[in-house]
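In this text the structure is predicted, and so the values were computed from the model without any measurement. Proteins come first, then strands; the chains are lettered A, B, ... in the order of their sequence lines, and each starts at number 1.
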Amino acid sequence: MSAVRLTAPRGVADVLPQAAGAWQRVEAVARDVFRRYGFAEIRTPMFEATELFLRSVGEDTDIVAKEMYTFVDRGGRSVTLRPEGTAGVVRAYLEHGMNAGPQPVKLCYVSAPMFRYDRPEAGRYRQFHQMGVEVLGAAAPAADAEVIAAAHALIASAGLPDASVRLNSVGDATCRPAYRERLRDHYRPHLEALCPDCRVRFDRNPLRLLDCKQPQCAPFIASAPTLADALCDACRAHLDEVQALLTAARIPFELDPGIVRGLDYYTRTVFEVVHPTLGALCGGGRYDGLVEELGGPPTPAVGFALGVERLILALGERGVEAPAQAPEVFVACAAEELRADAFRTAMAWREQGVAAEVDLLGRSFRAQMRHADRLGARFVAVVGRSEAERGTVTVRDMGAGTQEEVEAAGAVAYLRQRLASAGA
RNA sequence: GUGGAUGUAGCUCAGUUGGUUAGAGCACCAGGUUGUGGCCCUGGGGGUCGGGGGUUCGAGUCCCCUCAUUCACCCCA
């Protein structure tokens, strides 16, 4: 018996009933898009061996360096609450021999919880949720374009039709190391003038230099050699083909050399869908080296992940709201001795698919009416003495304020017809 | 992780230069005669004033610490 009031841990949020409708709507849209694009659902564990993330996400990334929920379990194993979804999917792909079946393997996940020990702010939580896809075993640009198309379709169908895609290429093992050195050469004479963060980036992750927002660093970004110019022929051709396919499919995008992404495993295509204030709604790209890095055969792959909380926040700003859940009919009893009849009626109607509510507090008839109104019930069915004698119920339309006495046996059919015609 | 702001009922907030049993609106529950909601009226439940320590005869009100929320930065979904 503790006297302290328990609250949710920092950075986690309850999805309350008023908000759950928005989640269900977004999830339904995602499942529909993923089905149409041919992605099969996979559900992987929320925690994995720490080693998996060290090897996939990259030890020099912020995620691994300071954001992982890592602990030692009772067996002495180091495990980590997953900070992102791709590593676990790739692990499962290999563990279950999916690389031995028909390729490519197209997988998706919906509202999968992820964990990062970050400072919470609007649209950022320590437990957050992603929906995304992975295409494993496809090297052609069509796979990149399909993944980008799916991301765009998901966001557009959810209610943000004008969301635009930012596209870039980070090169591959052939051209990226050379570019990295060219970038270092460019920055080396100016180290003193850079912001402290960028001095660290210079050593640890030079590509991120291009991502800096400090005014003092802007001139060096502007004059830096661009990755696009440094791409090898194969990467260049790949990027060109992705663009051609997106254009052919009328998917709006723009090239953005500043898109670098925070995970080490990306090769060639990287992309984001960005919101003006919430940052990236969705991010993804190709990761041709990751499967091999995790012990599998060389396997090209590409995917994206979308932040559910951010998408819902963005939808809310646009006024896209899901209606609250309300009963279709409230069964009110007008006489004490008929409570069992009202209860039985509600249960029978529920069996037949009607969202029926019934009093649980022993309220007076008047109070039941008031409660039905506050719940937003479309109809109230009155079970009273005179109705009981006649084998009827009185169905009141709470919006119109009109009511009608109907045969009890045909009441469900009557309700269905009224709900279908005047409804919504 | 770095700075700033905020923290009184479920929600939005008031609370006078520190002074008796801490308030309002909304929300919730019940009534307003015997079977009808929305408006209105009456009544009721609900707060260790985020938590801890200190100053004081006395603290929601002042000081310190802590926790949480939020904004900017960093990073990202």
(request) Considering just the side-chain nitrogens and oxygens of A/S364, establish if one lies under 4.0 Å of OP1 or OP2 belonging to B/rA30. (result) no
(request) Would you indicate which nucleotide in B/rG35, B/rG38, B/rU70 comes nearest to any side-chain atom of A/R119? (result) B/rU70
(request) Starting from Watson-Crick (N1-N3 plus N6-O4 or O6-N4) and G-U wobble pairs under 3.5 Å, report the runs of at least three that RNA chain B belongs to. (result) B:1-7 with B:67-73, B:10-13 with B:23-26, B:28-32 with B:40-44, B:50-54 with B:62-66
(message) Does any part of the side chain of A/R31, heavy atoms only, come nearer than 4.5 Å to the side chain of A/E41, both counted from C-beta?
(response) yes
(message) I'd like to know if A/Q403 reaches the base of B/rU36 with its side chain, counting only an N/O donor and acceptor under 3.5 Å.
(response) yes
(message) Between A/Y287 and A/E293, do the side chains contain a donor N or O and an acceptor N or O under 3.5 Å apart?
(response) no
(message) Under a 4.0 Å threshold between the charged nitrogen and the carboxylate oxygen, would A/D359 count as salt-bridged to A/R339?
(response) yes
(message) Tell me the interatomic distance from A/I259, atom CD1, to B/rA77, atom P, rounded to whole angstroms.
(response) 10 Å
(message) Using a 4.0 Å cut-off on heavy atoms, which residues in residues 303-315 of chain A reach RNA chain B? List them by number, or say none.
(response) A/G307, A/R310
(request) Name the nucleic acid region contacted by A/G11, choosing base, sugar-phosphate or nothing; use a 4.0 angstrom heavy-atom cut-off, strictly under. (result) sugar-phosphate
(message) For the backbone of A/R344 and the side chain of A/D341, can you confirm whether one donor and one acceptor N or O come within less than 3.5 Å of each other?
(response) no
(request) Please name the pair of heavy atoms, one in A/G295 and one in A/L94, separated by the smallest distance, quoted to 0.1 Å. (result) C-CD1, 4.4 Å
(message) Parallel, tilted or perpendicular: which one describes the rings of A/F47 and A/F71, with boundaries at 30° and 60°?
(response) tilted
(message) Whole angstroms only, please: what is the CG-P distance between A/D397 and B/rG38?
(response) 16 Å
(message) Between the base of B/rG37 and the side chain of A/R363, is there a donor and acceptor pair under 3.5 angstrom?
(response) no
(message) I'd like to know if the side chain of A/E272 and the backbone of A/V274 have a donor-acceptor N/O pair within less than 3.5 Å.
(response) no
(request) Looking only at side-chain atoms of A/A334, point me to the closest of B/rG35, B/rA30, B/rG37. (result) B/rG35
(request) Have a look at A/V382 and say if it touches a base, only the backbone sugar-phosphate, or nothing, with a 4.0 Å heavy-atom cut-off. (result) base
(request) Report which part of the nucleic acid A/E121 touches: base, sugar-phosphate, or nothing (heavy-atom distance under 4.0 Å, all strands). (result) base
(request) Look at the side chain of A/R286 and the backbone N and O of A/P300, then say whether any donor-acceptor pair between them is shorter than 3.5 Å. (result) no
(message) Give me the distance, rounded to whole Å, that separates B/rC41 from B/rG52 when you measure between the P atoms they each carry.
(response) 39 Å
(request) Between B/rC26 and B/rG44, how far apart are the P atoms? Round to whole Å, please. (result) 16 Å
(request) Scan A/V110, A/L154, A/L311 and name whichever one has a side-chain contact (heavy atoms from CB on, under 4.5 Å) with A/V29. (result) A/L154
(request) Rounded to the nearest angstrom, tell me the gap between atom CZ in A/R10 and atom C1' in B/rG50. (result) 14 Å
(request) Report yes if at least one side-chain N or O of A/H371 is closer than 4.0 Å to OP1 or OP2 of B/rC29; otherwise report no. (result) yes
Each nucleotide N or O in nucleotides 39-46 of chain B that has a protein N or O under 3.5 Å away: list the pair and distance.
none

(request) Would you mind classifying the nucleic acid contact of A/G132 as base, sugar-phosphate or nothing, using non-hydrogen atoms under 4.0 angstrom? (result) nothing
(message) How many whole angstroms separate atom CE of A/M369 from atom P of B/rU36?
(response) 9 Å
(message) With hydrogens left out and only the distance checked, is there a donor-acceptor pair under 3.5 Å joining A/E387's side chain and the base of B/rG35?
(response) yes
(request) Mind checking A/C282 for me? I need base, sugar-phosphate or nothing, with any heavy atom below 4.0 Å counting as a touch. (result) sugar-phosphate
(message) Between B/rA77 and A/R116, counting only base atoms on the nucleotide and side-chain atoms on the residue, is there a donor-acceptor pair under 3.5 Å?
(response) yes
(request) Determine the Euclidean distance between corresponding P atoms of B/rA77 and B/rC40; express it in Å to zero decimal places. (result) 50 Å
(request) In whole angstrom, give the distance that lies between atom CZ of A/F330 and atom P of B/rU36. (result) 15 Å
(request) Write down the distance separating the C1' atoms in B/rA24 and B/rU8, rounded off to the nearest Å. (result) 12 Å
(request) Taking atom C1' in both B/rA27 and B/rG38, compute the distance separating them and give it to the nearest angstrom. (result) 16 Å
(message) Measure OH/A/Y125 against P/B/rU69 and give the value in whole Å, please.
(response) 10 Å
(message) For a quick check of understanding: with a heavy-atom distance under 4.0 Å over all strands, which category does A/H129 fall into, base, sugar-phosphate or nothing?
(response) nothing
(message) Over 60° means perpendicular and under 30° means parallel, so tell me whether A/Y187 and A/F220 are parallel, tilted or perpendicular.
(response) tilted
(request) Let me know the distance between OH of A/Y117 and P of B/rG1, rounded to the nearest Å. (result) 6 Å
(request) Please state the P separation for the pair B/rG58 and B/rG19 - nearest whole angstrom. (result) 14 Å
(request) Output yes when a side-chain donor or acceptor of A/R82 lies under 3.5 Å from a complementary backbone atom of A/T44, and no otherwise. (result) yes
(request) On RNA chain B, check which nucleotide each of A/Q130 and A/T402 is closest to and give me the residue with the more 5' one. (result) A/T402
(request) In whole angstrom, give me the gap between the C1' atoms of B/rG7 and B/rG47. (result) 14 Å
(request) May I have the distance from A/R124 (atom CZ) to B/rA72 (atom P), rounded to whole angstrom? (result) 11 Å
(request) Using the P atoms only, state how far B/rG51 lies from B/rA68, rounded to an integer number of Å. (result) 15 Å
(message) Just to verify, which of A/Y125, A/F128, A/Y69 counts as forming a ring-ring contact (aromatic ring centres under 6.0 Å, His included) with A/Y117?
(response) A/Y69
(message) Any side-chain to backbone donor/acceptor pair from A/E48 onto A/T80? Under 3.5 Å, distance only.
(response) no
(message) Determine whether a donor-acceptor pair (N or O, by modelled atom type, separation under 3.5 Å) exists between the side chain of A/R126 and the backbone of A/D118.
(response) yes
